[in-house]
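Lettering follows sequence order; numbering is per chain, from 1. The shown structure was predicted, so the numbers you read here are calculated from the model rather than taken from an experiment. Atom set for the values below is all heavy atoms of this structure, side chains included, hydrogens, waters and symmetry mates excluded.
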Amino acid sequence: MNEFKLKILDLLKEDARLSASTIATMLGADEADVSAAIAEMERDHMIVKYATVVNWSKVDDEKVTALIQVECTPERGRGFESIAERIYLYPEVKSVYLMSGAYDLQVEIEGKNLKAVASFVSDKLSTIESVIATKTFFILKKYKQDGIILEEVEGDHRLLVSP
Amino acid sequence: MITNQETRGKPSTEGMKQYLSAGARAIPPSGIRRFFDLVSASKDSSIISLGVGEPDFVTPWHIRDAAVYSLEKGKTQYTSNAGMPELREAIAEYLSKQFHLKYEPDDEVLVTVGGSEAIDLAIRALVEPGDEVLIPEPSYVPYNPITSLGGGVPIGIETFAKDGFKLTEENLRAVITPRSKLLILSYPSNPTGAIMSYEDLLPIAKVVEEHDLIVVSDEIYAELTYGSRHVSFASLPGMKDRTILVSGFSKAFAMTGWRMGYACGHPDLIGAMLKIHQYTVMCAPIMGQVAALEALKNGMEEMYRMIESYNQRRRLVVQGFRDIGLACHEPQGAFYVFPSIESTGLSSEEFSMRLVKEAKVAAVPGHVFGKGGEGFLRCSYASSVAQLTEALERIGQFIRQL
């Protein structure tokens, strides 16, 4: 991973809508080089998607999110891969991480309401053969997500003109 | 000297101005302040301001947190006049690491209330009535009035865009007289963004030696250089004893409101400044000193991140002005661009006023920064990319319809 690509990623993760020409100016680089680097990263799946960070608590259509700690038995030869896959293919699953420590997988679920999440856990997750136990924790409020503070930050306090 | 003896009488309908000292009466209100009042009076929230002389970052959280913690622990007392010993040590260590300067924390470092106080102390400690203080311009505004207040004579040295707004040996020699006492160097420069390299400073040091000058080197923007590291004037051969280095935490660590600065120099000079300092302010606020110590101990990584961000925006804004068709020399330091608006045929004052009214963009007219500033505009790029892009768009539109 070269430094040039890292610099581009640093800018894009703050604002995915920056154009290649603006990025080129900001980095003092050639626009064609920036476009090529971005295309390459997209091809290599280094840049996976240009998504929008939504503060869902501001949207009427509120959702319920839960973090679930899953203990499971790894499969011979494949470890946790196929269990993880069986879980992450469900569209209501937002993230799946393999963890060190007291449990194995951390699963983030999003549902329309409490009932939807509860029935996902009891009907789908717990019934997977290698799953031994689950612990469900509902998220009450999101303050910061992926390095982005969701609360509205206070505006610019600076004087309009200063020496 | 003018005195106020002749004009003093009973308070009258004319107000109280007759009681003011001649010095206070004579210094003009800051040109920036006047422009600020005009912009603020409009109360128009759609105005984008490029007139701000401070970082757009809030002080990094670990620094704020350190200050909050020390408050909780009850650190609310005076410190030693020169500043907390551990802070002075940290400053000396920092200057050694970053700029190859060797100062003794005990008697060569003085912690002040912002770089501003250090400038005031230095000029007060050195300038006698009639002494000439040489100030390369366009320049940060306060050197001039502070000099006048002490009876000194400020002498502006015009610098030019063709020289990248650097001070040249030739221009310096042209203003030297037997009364020349002090040379102010303020690089990286507010408002031009100019820097002085080792090679640029060498001939200046020669003149300083030859004419027995003392230099007040205001290096508050030292960390904010792009492409090359800042060279401190005090690090030049033979210049350490002749230089009072002034700096602070405001720009590098986004700590303007804390008012934390320092001065370093020969013990005789720093000692005299310390005398004035202990009578006038006692010591810099302890909360600020704790925050400054945290900044030096753990703030470098965050500082470099901020510098990189300024650099990106600098490139964006320089390119933006050039695309609009305004000549813009490339600033190598600080966070200002200083484009020429001469091609529009308007004066700086006229241009800025109309820009606020018609395009809703505030930028400081160059003439307030002294000689050589007319025909230019100071624009700060310490704003978000979105704001800068919108401001450039508006300026471009404004110029096209002139």
So for atom CZ, which belongs to A:R43, do other residues, nucleotides or ligands contribute more than 12 heavy atoms lying within a distance under 6.0 Å? yes

Give a yes or no on this: more than 12 heavy atoms of other residues, nucleotides or ligands lie within 6.0 Å of atom CD1 of B:I27. yes

More than 12 heavy atoms of other residues, nucleotides or ligands under 6.0 Å from OH of A:Y50: is that the case? yes

Where does B:D37 contact chain A at under 4.5 Å (heavy atoms): side chain, backbone, both or neither? neither

Sub-4.5 Å side-chain heavy-atom contact between A:L160 and B:V52: no

Look at A:L18, A:L11, A:D156 and state which one has the largest set of heavy-atom pairs under 4.5 Å with chain B. A:L11

Heavy-atom pair with the smallest gap, counting every atom of A:S162 and B:G53: OG-N, 2.8 Å

Atom CZ of A:F4 with >12 non-hydrogen neighbours under 6.0 angstrom: yes

Should we say atom CG of A:N113 is surrounded by more than 12 heavy atoms from elsewhere, each under 6.0 Å from it? yes

Taking atom CZ of B:R64 as the centre, does the number of heavy atoms from other residues, nucleotides or ligands within less than 6.0 Å exceed 12? yes

Looking only at B:R33, B:E308, B:Q312, the option with the highest number of non-hydrogen pairs under 4.5 Å against chain A is B:Q312

Most heavy-atom pairs under 4.5 angstrom with chain B, which of A:H157, A:E14, A:M26? A:M26

Measure the shortest side-chain to side-chain distance between B:Y140 and A:P163 over non-hydrogen atoms and say whether it is less than 4.5 angstrom. yes

Between A:S21 and B:Q319, is there a side-chain heavy-atom distance shorter than 4.5 Å? no

Region of B:V141 that comes under 4.5 Å of a non-hydrogen atom in chain A: neither

What part of B:R378 is in contact with chain A, defined as an atom under 4.5 angstrom from a non-hydrogen atom: side chain, backbone, both or neither? side chain

With only heavy atoms counted, which part of B:V385 is less than 4.5 Å from chain A, the side chain, the backbone, both or neither? side chain

Quick check on B:Y336 against chain A: is it the side chain, the backbone, both or neither that has a heavy atom closer than 4.5 Å? side chain

CG on B:L316 to CD1 on A:I23, rounded to 0.5 Å: 11.0 Å

Smallest separation among heavy atoms of B:F36 and A:V161, with atom names: CD1-O, 3.3 Å

Interatomic distance, B:S40 atom OG to A:L159 atom CG [nearest 0.5 angstrom]: 7.5 Å

Tell me, yes or no, whether the heavy-atom count around A:K142 atom NZ, taken from other residues, nucleotides or ligands under 6.0 Å, exceeds 12. yes

Count the heavy-atom pairs under 4.5 Å between each of B:L50, B:I47, B:T256, B:I32 and chain A, then report the option with the highest count. B:I32

